[in-house]
There are 2 protein chains.
Amino acid sequence: MGRTSHVREKLLEVAFQMIWDHSYGGVSVDQICARADVNKGSFYHYFGSKAELVVAAYEEHWNQRRPELDRLFSAQVPPLERLTKWCESTYERQKEKARKYGHVCGCPYGSIGGEIATQDDRIRAKAEELIARGMKYVETAIAEAQRDRSLPSGDAKRLAEQVYSYVLGAMLRARIENDVEVLRNLAPTVMAIIGARNPAVATA
Amino acid sequence: MGRTSHVREKLLEVAFQMIWDHSYGGVSVDQICARADVNKGSFYHYFGSKAELVVAAYEEHWNQRRPELDRLFSAQVPPLERLTKWCESTYERQKEKARKYGHVCGCPYGSIGGEIATQDDRIRAKAEELIARGMKYVETAIAEAQRDRSLPSGDAKRLAEQVYSYVLGAMLRARIENDVEVLRNLAPTVMAIIGARNPAVATA
DNA sequence: AAATTATTTGACCGACCGGTCAAGCTCATC
DNA sequence: GATGAGCTTGACCGGTCGGTCAAATAATTT
């Protein structure tokens, strides 16, 4: 096939989905290989270890996810509306995932990060990095809203961290409670955190 | 020794600490037994499985933690002050844990819940239950603050869920980023979420 | 003190873990 | 069409996993 074998890509995709669905420790290399229809020897031709595969898989997932985030946080959209749309898309995305997999999966970066934070520093650092990239979108939107006076001035970076903490926590709760409805109305709380005067109006 | 052998209690304590420090999948029954200085056969005399031990260990941890929560949320303390003190104690507790274990450990219930939510329903349900118990303290404080007009009226249960989501998310971030400072100023954001007029004053 | 029960011991189990490897196959290049 | 690099194959490795068990021992009841 092509220069970059589809085998490698298949492993990245399958590994990410299986680990998101279950957990890092709960998914074995054998299972990943079986699902990807790849021999174990091939696996270790492309990746030096399970951890290395996982780091690559999460980076790859980010790359596939990025266009959607760029669209949601497009400069074409008023900054506060970016945030509400992001909240809504989070809910919708989790709802579809839950329908397809039979249970709520939560934030993939948060889940794997929390699981192996104290055990594998490369995976920990990758999770931290991906979360920071997501926070950057939120920070930029907040800073812009402050500049155009739709928000009172404040430390946009700190506010973005708080917003992201809230959303991460809600995703974790949704996973643990296996209830996607936990994520149904994230936006008003996000607005309260960043100090928007009238949460209800911000969506309009 | 006593009727309830200290062996059982030692296993509960050791298992909880090791799993909080690492993860469910990252700690083996053999390791727990070694650390508790107990033979594997004894382990399976007291507990039917690793999962059963863990459920009991988390319940036991709650029981040990409860007096401290009762104290923090004592009716003797004004309701909003309960929340700020709870935030501060969360920070202090994590800081000490981090000092002792060499890294930030985050919320034990959130960590194990997120890890095995989709793999073992008994552990998942226990994590959900313990989180719900914690939320109840927050809900009660919010409801009381609303009653005595230090907060505008609102759905105390929903607000408590939002507060708890935020704190859970911050604990998760602190674990992933291995930085306890993430948890340093939880209270102002909590105040913003529940609609306290002047976050800065609420501590006084 | 005999009988019964609770607890401890450590060897043992098959399954599975992450990872290795030598041998073959495929295919572009010369 | 020979060469050699890239890729695939599947058997194989030692170690560890959660869990079992029969026999020994300690504690309790009769």
Side-chain angles (χ1 to χ4, degrees), chain A residues 1-19 21-58 60 112 115-116 118-124 126, chain B residues 1-58 60 112 115-124 126:
Chain A
M1 306 294 164
R3 266 190 328 206
T4 320
S5 170
H6 82 288
V7 167
R8 198 185 129 92
E9 285 158 33
K10 188 82 191 266
L11 284 169
L12 293 173
E13 163 72 11
V14 165
F16 178 84
Q17 294 295 338
M18 289 182 81
I19 290 171
D21 191 15
H22 300 93
S23 68
Y24 180 78
V27 172
S28 71
V29 174
D30 283 319
Q31 288 172 323
I32 293 169
C33 289
R35 185 81 75 97
D37 208 26
V38 165
N39 281 303
K40 213 175 185 176
S42 279
F43 179 103
Y44 283 99
H45 172 72
Y46 289 102
F47 303 101
S49 67
K50 183 186 179 185
E52 187 181 316
L53 171 266
V54 166
V55 168
Y58 275 67
E60 171 64 17
I112 199 173
E115 180 185 352
I116 42 66
T118 65
Q119 295 169 77
D120 184 305
D121 199 61
R122 276 154 38 201
I123 298 178
R124 197 219 98 253
K126 176 54 71 176
Chain B
M1 308 293 166
R3 265 191 329 204
T4 320
S5 169
H6 81 289
V7 167
R8 196 185 129 92
E9 284 157 35
K10 188 85 191 264
L11 284 169
L12 293 172
E13 163 71 11
V14 165
F16 178 85
Q17 294 295 338
M18 289 181 82
I19 291 170
W20 188 8
D21 191 15
H22 300 93
S23 68
Y24 180 79
V27 172
S28 71
V29 173
D30 284 321
Q31 288 172 324
I32 293 169
C33 289
R35 185 82 75 95
D37 208 26
V38 165
N39 281 302
K40 212 176 186 177
S42 279
F43 179 104
Y44 283 100
H45 172 73
Y46 288 102
F47 303 100
S49 67
K50 184 185 179 186
E52 186 181 316
L53 171 267
V54 167
V55 168
Y58 275 66
E60 172 65 16
I112 199 172
E115 179 186 352
I116 44 66
T118 65
Q119 294 169 79
D120 185 305
D121 199 60
R122 276 153 37 199
I123 298 178
R124 198 219 97 251
K126 177 55 70 177

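So you know, we letter chains A, B, ... as the sequences are listed, proteins then strands, and number each from 1.
Looking at heavy atoms from C-beta onward, S23(A) lies out of side-chain contact with M18(A) at the 4.5 angstrom threshold. The shortest distance between side-chain heavy atoms of R124(A) and D120(A) does not fall below 4.5 Å. When side chains are defined from C-beta on, Y58(A) counts as touching I19(A), because their heavy atoms get closer than 4.5 Å. Counting heavy atoms from C-beta outward, Y24(B) and K50(B) have side chains that approach closer than 4.5 Å.
Going from atom CG of L11(A) over to atom P of dG19(C) covers 14 Å, rounded to whole Å. Between the CG atom of N39(A) and the C1' atom of dC21(C) there is a distance of 13 Å, given to the nearest Å. Across the protein-nucleic acid pair, F43(A) atom CZ and dT8(D) atom C1' stand 15 Å apart, rounded to whole Å. One can place CD of Q119(B) at 13 Å from P of dG18(D), the figure rounded to the nearest angstrom. Whole-Å rounding puts the Y44(B) OH to dG10(C) P distance at 18 Å. Across the protein-nucleic acid pair, E52(A) atom CD and dT20(C) atom C1' stand 15 Å apart, rounded to whole Å. Note: CD1 (I32(B)) to P (dT16(D)) measures 16 Å, nearest angstrom. Atom OH of Y46(A) is separated from atom P of dG18(C) by 21 Å (rounded to the nearest Å).
Closest to the side chain of H45(B), from the set dC7(D), dG19(C), dT7(C), is dT7(C).
Put simply, the side chain of K40(A) and the base of dG19(C) share a donor and an acceptor less than 3.5 Å apart.
Sequence order on DNA chain C of the closest nucleotides to G48(A) and S28(A) puts S28(A) first from the 5' end. Both D37(A) and V27(B) lie near DNA chain D, and the one whose nearest nucleotide falls closer to the 5' end is D37(A).
When heavy atoms are screened at a 4.0 angstrom cut-off, S42(B) is found touching base atoms of the nucleic acid.
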